[in-house]
Amino acid sequence: VLLERAGVPCTVPSCHRLADQAFSLGANEFMLQAWGGDRSSLVESGLALSEPDRERIVIKVPVTFEGTAAAAELIELGVRVCLT
């Protein structure tokens, strides 16, 4: 919703640009919400979103059955995760 209001498309490249801007302004970390309705989709989007900087990009994942399974897999793959 926030990206829509700002006229920014909700795409992986747009999220990468926003993270780059935040880091250039001095942010130490940047949180992005994974999207998808199942574990596989959440993992796929989480990996893509975190790809530019796995140490500073944190992926938010919903606390659902599928989300917690995805979070466990993302953590094993070296992605920082926040369950929401």
Can a donor-acceptor pair be found, under 3.5 Å and without considering hydrogens, that links the side chain of [X] to the backbone of [Y]?
{"X": "Ser45", "Y": "Ala34", "answer": "no"}
{"X": "His16", "Y": "Ala48", "answer": "yes"}
{"X": "Ser14", "Y": "Pro9", "answer": "yes"}

Side chain to side chain donor-acceptor pair (under 3.5 Å) involving [X] - partner list, sequence neighbours excluded:
{"X": "Glu44", "answer": "none"}
{"X": "Ser41", "answer": "Asp38"}
{"X": "Glu73", "answer": "Arg39"}

If you define the side chain from C-beta out and look only at heavy atoms, does anything of [X] sit under 4.5 Å from [Y]?
{"X": "Leu47", "Y": "Leu74", "answer": "yes"}
{"X": "Phe23", "Y": "Asn28", "answer": "no"}
{"X": "Gln33", "Y": "Pro62", "answer": "yes"}

Working to the nearest 0.5 Å, report the span between [atom1] of [X] and [atom2] of [Y].
{"X": "Ile57", "Y": "Glu55", "atom1": "CD1", "atom2": "CD", "result": "11.0 Å"}
{"X": "Thr84", "Y": "Met31", "atom1": "OG1", "atom2": "CE", "result": "8.0 Å"}
{"X": "Cys15", "Y": "Asp20", "atom1": "SG", "atom2": "CG", "result": "11.5 Å"}
{"X": "Cys10", "Y": "Glu4", "atom1": "SG", "atom2": "CD", "result": "8.0 Å"}
{"X": "Leu42", "Y": "Ile59", "atom1": "CG", "atom2": "CD1", "result": "10.5 Å"}
{"X": "Arg80", "Y": "Asp53", "atom1": "CZ", "atom2": "CG", "result": "9.5 Å"}

Side chain to side chain contact (heavy atoms under 4.5 Å, CB included) involving Gln21 - partner list, sequence neighbours excluded: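 Partners of Gln21 under the side chain to side chain contact (heavy atoms under 4.5 Å, CB included) test: Leu18.
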Worked check of side-chain contact (heavy atoms from CB on, under 4.5 Å) between Val81 and Val58: CA-CA 5 Å; Val81 170; Val58 180; 5.8 Å; no
Heavy-atom pair with the smallest gap, counting every atom of Val61 and Gly67: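 Looking at all heavy atoms of both residues, the shortest contact is CG1-O, 3.1 Å.
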Nonpolar side-chain network containing Leu2, other nodes, edges under 4.5 Å: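 Leu2 shares its hydrophobic cluster with no other residue.
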Hydrophobic cluster of Leu25, others only, ordered by chain and residue number, side-chain cut-off 4.5 Å: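 Same cluster as Leu25: nobody, lone residue.
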Six-ring centre of Phe30, Arg56 cation under 6.0 angstrom, axis tolerance 45°: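 Pair Arg56/Phe30 does not count as cation-pi.
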